[in-house]
Amino acid sequence: MGTAHTTRRITMTPAAARVVEAAARLFYERGIHAVGVDLIASEAGVTKKTIYDRFGSKEQVVVEYLADRDERWRAFLAERLDTAGREPAARVLAVFDASRAWSEEYSTKGCSMVNAHAEISDPAHPAHPIIVGQKAWMLALFTGLAEEISPEQAGDLARTLMLLHEGALVAHGLAVFPDPIPHARDRARALLAAVAEAARQG
């Protein structure tokens with residue numbers, strides 16, 4: 001399913017891992033801009049000097065936080081795609097199932113990448129490639145599956161699936177209405193059934 005971003009990463013020590021763990025919780029709960037290095041250091045049980053010695057800047061802490069979230073999501077999704085088997089429509093629906101499970105366990109306030117992009121829209125920020133890279137990777141995943149389902153409509157089908165998926169993540173984070181991800185899954189299933197029926201009628 002492709003490779004992760006190539007943004008510069010640091011070597012993790014136990015202290016650095018505590019910093020990322022604390023920062024991840026604080027960034028997700030309060031927002032990246034609202035959390036300072038002093039608070040991260042206090043929560044991680046390290047000094048500010050330790051953070052700057054290891055990471056160099058708060059921006060690199062943000063990089064590590066988002067890169068770790070991205071890597072864990074990709075591994076989480078890969079397990080569920082493996083379980084879904086090789087049938088492409090089933091694999092598409094498995095993406096929605098994985099997102100629902102991930103959101104319930106790890107993303108109660110919405111997609112961390114979408115939330116981060118609301119604060120980091122400058123392409124010069126070192127974390128920006130991680131944010132947009134994950135979404136590009138998701139579109140590539142949907143495109144690959146769509147090509148197996150309907151090569152002639154692959155681009156349009158993939159973009160529609162992506163919009164259903166990402167819209168559901170945003171709606172989940174905003175709590176606009178109950179169970180948006182299962183709703184999006186149902187619409188994706190109906191779309192896939194319509195594409196399959198059109199192909200049969202050929």
Side-chain angles (χ1 to χ4, degrees), residues 1-9 20 23-24 27-29 31-33 59-82 84 88-89 91-150 153-176 180-185 187-189 191-192:
M1 290 191 299
T3 58
H5 46 78
T6 57
T7 303
R8 183 180 73 85
R9 304 290 301 279
V20 173
F27 288 154
Y28 188 74
E29 291 176 355
I32 291 169
H33 291 335
E59 286 73 18
Q60 188 63 35
V61 179
V62 176
V63 165
E64 299 299 333
Y65 153 59
L66 291 174
D68 178 69
R69 291 275 295 198
D70 184 28
E71 290 169 354
R72 290 192 295 115
W73 160 244
R74 294 188 194 211
F76 186 91
L77 178 56
E79 290 180 2
R80 280 143 186 84
L81 289 174
D82 287 345
R91 288 167 68 79
V92 168
L93 298 180
V95 176
F96 288 85
D97 292 335
S99 289
R100 184 186 190 189
W102 175 272
S103 295
E104 289 175 348
E105 187 169 358
Y106 302 113
S107 295
T108 55
K109 298 181 70 173
C111 174
S112 57
M113 299 297 164
V114 171
N115 295 349
H117 191 262
E119 300 189 74
I120 302 171
S121 58
D122 182 1
H125 192 289
H128 190 266
I130 300 169
I131 298 168
V132 298
Q134 187 194 86
K135 298 310 180 182
W137 181 81
M138 288 299 299
L139 180 57
L141 172 63
F142 280 126
T143 300
L145 294 171
E147 286 172 347
E148 295 184 54
I149 294 167
S150 177
Q153 304 178 55
D156 186 64
L157 177 57
R159 288 189 290 271
T160 302
L161 292 170
M162 180 79 172
L163 289 171
L164 285 170
H165 182 261
E166 297 302 310
L169 295 183
V170 172
H172 169 78
L174 294 174
V176 177
I181 300 175
H183 181 78
R185 183 191 191 278
R187 301 316 305 156
R189 182 176 59 187
L191 174 62
L192 294 172

By the side chain to side chain donor-acceptor pair (under 3.5 Å) test, which pairs, at least two apart or in different chains, include something from residues 100-114? R69-S107, R69-S112, R100-E104, W102-S107
Separation between CD1 (I120) and NE2 (H33), nearest 0.5 Å, reads 6.5 Å
What are the two closest non-hydrogen atoms of R91 and L81, and how far apart are they? NH1-O, 3.1 Å
Within-4.5 Å side-chain heavy-atom neighbours: M113 and L169: no
Pairwise distance CD1(I149) to CG(L157) - rounded to 0.5 angstrom: 5.5 Å
Heavy-atom closest pair, residues F76 and A101: CZ-CB, 3.9 Å
Heavy-atom pair with the smallest gap, counting every atom of P180 and A171: CB-CB, 3.7 Å
Taking the side chain as every heavy atom from C-beta outward, state whether V170 and E166 have any pair of such atoms under 4.5 Å apart. no
Would you say the side chain of L161 lies within less than 4.5 Å of the side chain of L145, judging by non-hydrogen atoms? no
Please assess R72 against D68 for the test side chain to side chain contact (heavy atoms under 4.5 Å, CB included), listing each intermediate value before the final yes or no. CA-CA 6 Å; R72 290 192 295 115; D68 178 69; 3.1 Å; yes
Does some side-chain heavy atom of R187 sit less than 4.5 Å from a side-chain heavy atom of L191? no
How about M162 and T143: do any of their side-chain heavy atoms sit closer than 4.5 Å? no
P126 versus E59, closest heavy-atom pair with distance: CG-CB, 3.9 Å
When you measure from the side chain of E64 to the backbone N and O of V20, does any donor-acceptor pair fall under 3.5 Å? no
Output yes when a side-chain donor or acceptor of Q134 lies under 3.5 Å from a complementary backbone atom of D70, and no otherwise. no
For R74 and G133, which heavy atoms make the closest approach, and how far apart are they? NH2-O, 4.1 Å
Is there a side chain to side chain contact (heavy atoms under 4.5 Å, CB included) between L66 and F27 once you walk through the steps? CA-CA 10 Å; L66 291 174; F27 288 154; over 6 Å; no
Does CZ belonging to R80 count more than 12 external heavy atoms closer than 6.0 Å? yes
Atom of F96, atom of A184 and distance for their closest heavy-atom approach: CE2-CB, 3.9 Å
With heavy-atom distances below 4.5 Å as the criterion, would you say the side chains of L77 and M138 are in contact? yes
Under the 3.5 angstrom rule, does the side chain of H117 hit a backbone N or O of I131 as a donor-acceptor pair? no
Between CD1 on residue I32 and CG on residue N115, distance to nearest 0.5 Å: 8.5 Å
How about NE2 on H183, more than 12 heavy atoms from neighbouring residues, nucleotides or ligands closer than 6.0 Å, or not? no
Counting C-beta onward and ignoring hydrogens, is there a side-chain heavy-atom pair between H165 and V95 closer than 4.5 Å? yes
If you define the side chain from C-beta out and look only at heavy atoms, does anything of H128 sit under 4.5 Å from V132? yes
